[in-house]
Amino acid sequence: MPELLIRNARIMDPFGGCGGTMDVLISRGRIAAVARELQVEGRETIEAQGMVLAPGFLEIHAHLREPGGEDAETLASGLEAALRGGYTAVCCMPNTRPPLDNAAVVEGVAAKARDLALADLFPVGCISRGREGRELAEMALMHASEARVRAFSDDGSGIGDSGLMRMAMEYVQVFDGLIISHAEEQSLSRGGQVNEGTVSTEMGLRGIPALAEEVMVARDILLAEETGCRLHLAHLSTERSLRMLREAKKRGVRVTAEATPHHLLLSEMDISGYDTVFKVNPPLRTLNDVKALREALHDGTIDAIATDHAPHTVEDKEVEFDYAPFGMVGMESSFPVLYSELVLAGELELMRLIEMLTSGPARVMGMQPPEYGAGIVEGARADLVLLDLENEWTLDARRFASKGRNCPFHGRRVKGRIRCTLKNGKMAYQLAEAESA
Ligand code: DOR
């Protein structure tokens with residue numbers, strides 16, 4: 001396996017490796033040395049002066065659509081998209097066809113991803129059989145399988161039956177499993193298209209009230225408190241959800257939460273011309289909610305940024321607003337938009353952003369080395385991302401590796417770009433020479 005030398009990179013490692021400007025030597029898939037001015041000759045060399053080297057990112061919420069939705073995304077296209085976005089590990093959601101609700105299907109998906117040898121894949125299993133919300137799926141068997149499923153969710157739908165959710169929380173504690181809640185009370189959200197409020201009224205569309213999320217956030221926090229289960233709240237979007245989360249954390253409830261780039265950067269005011277690219281669940285909320293999310297990111301109430309990468313075909317999205325599916329792609333735009341809109345705007349430290357894409361999600365999922373998170377130290381697997389913070393460019397969804405083109409940031413001028421992603425020491429993605437200036 002060829003050796004590779006990265007020269008003069010600014011190292012930012014939330015897992016506790018060294019900082020400063022260093023040379024990093026990679027050999028046989030691992031980090032062989034991290035030091036100033038390494039004296040090695042004849043290696044393939046990347047001059048990284050002015051660039052940041054970080055651990056490969058961890059995506060904990062992506063829809064890769066396989067099996068059953070391969071026209072929208074495949075494991076191959078989704079994991080390729082991950083690498084282009086700087087992610088070396090991905091947790092995929094189980095709302096596939098058939099759903100990932102038993103050991104055989106999760107093992108099949110995990111084995112296929114292993115053969116692809118792109119980014120690492122960690123399937124999330126269903127809470128309920130068939131995602132129907134009626135009886136528990138084979139959670140323990142999925143956990144005991146080779147896919148070693150550690151997190152469960154019926155993402156895409158909330159679990160309406162509180163008794164079932166309580167049972168799931170009691171059940172997964174046997175193996176310290178994680179319950180990921182898609183907090184949506186369907187009796188409040190049914191038929192809704194955008195956030196309920198002035199925008200839904202102006203657009204003449206049925207609204208999804210903030211309450212639909214908040215009622216279930218409240219319930220799931222209570223259930224987690226009662227059962228002692230680890231609970232993770234997916235894609236939180238409202239100010240009151242954050243308030244409840246903050247209070248629950250203070251009380252010692254084992255609860256974590258993620259925010260998506262689109263809920264952090266866009267509001268319902270950005271929905272223009274009935275463009276279905278902006279149709280997402282939970283919906284884009286008010287400016288006040290966006291502000292609250294950013295504060296929560298800043299003060300540590302939010303534990304991780306996850307994209308909720310949700311590709312759909314152009315044919316599926318190019319219909320009337322009411323008929324379009326919910327979802328946006330996110331893995332190839334997340335770093336540049338977050339860096340441009342939050343870090344360069346002075347709202348967030350770069351190190352904090354990197355934490356939210358690496359150590360934060362690892363803590364949520366309970367991932368430890370060697371699985372993920374060994375950091376930038378000698379002997380660690382070389383799963384790394386090199387960030388060119390000076391590269392200014394225009395996001396173009398047509399050039400994504402993802403099959404999804406439904407990116408709300410398409411056409412945006414951004415600064416900050418993935419220069420390359422290394423997986424097991426190999427160049428898994430590299431920006432074309434012409435674009436790296
Ligand atoms: O917008 C969304 N799309 N939200 C979800 O919860 C599911 C996802 C999908 O699967 O398309």
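Just so you know, ligand 1 is whichever comes first in the structure, and atom 1 is the first atom listed for that ligand.
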Out of Arg65, Lys279, His182, Met328, who is nearest to atom 11 (O) of ligand 1 when you count heavy atoms only?
Arg65
If you count the atoms of ligand 1 from 1 in the order shown, which ones are under 4.0 Å from a heavy atom of Asp308?
4 (N)
Hey, which atoms in ligand 1 end up nearer than 4.0 Å to a heavy atom of Ala310?
3 (N), 8 (C), 9 (C), 11 (O)
In terms of atom number and element, which parts of ligand 1 are under 4.0 angstrom from non-hydrogen atoms of Gly156?
6 (O), 7 (C)
List ligand 1 atoms under 4.0 Å from His312, heavy atoms only on the residue side.
11 (O)
Does a side-chain heavy-atom distance below 4.5 Å link His410 with Asp396?
yes
Quick one: which of Glu73, Met93, His309 gives a side chain to side chain contact (heavy atoms under 4.5 Å, CB included) with His63?
Met93
Return the closest protein heavy atom for atom 3 (N) of ligand 1 as residue, atom name and distance.
Phe326 O, 3.1 Å
Nearest-neighbour protein heavy atom for atom 8 (C) of ligand 1, which is reported as residue plus atom name and distance:
His63 NE2, 3.7 Å
Specify side chain, backbone, both or neither for His61, according to which of its non-hydrogen atoms lie closer than 4.0 Å to ligand 1.
neither
Quick one: are His312 and Arg405 in side-chain contact, heavy atoms under 4.5 Å?
no
Starting from atom 2 (C) of ligand 1, find the nearest protein heavy-atom neighbour and note its residue, name and distance.
Asn281 O, 3.5 Å
Within the structure, is a non-hydrogen atom of Glu184 found at a distance of less than 4.0 Å from ligand 1?
no
Any donor-acceptor pair under 3.5 Å from His235 side chain to His263 backbone:
no
Less than 4.5 Å apart, side chain to side chain, heavy atoms only: is that true for Trp393 and Glu435?
no
For ligand 1, which atoms, with element, lie under 4.0 Å from some heavy atom of Val280?
1 (O)
Counting distance only, does the side-chain N/O of Lys317 pair as donor-acceptor with the main-chain N or O of Met328 below 3.5 Å?
no
Counting non-hydrogen protein atoms only, what is the nearest one to atom 10 (O) of ligand 1? Give residue, atom name and distance.
Asn95 ND2, 2.8 Å
May I ask you to decide if the ring planes of Phe175 and His143 are parallel, tilted or perpendicular, using 30° and 60° as cut-offs?
parallel
Is the shortest distance from a Lys or Arg side-chain nitrogen in Glu295 or Arg246 to a carboxylate oxygen in the other one below 4.0 Å?
no
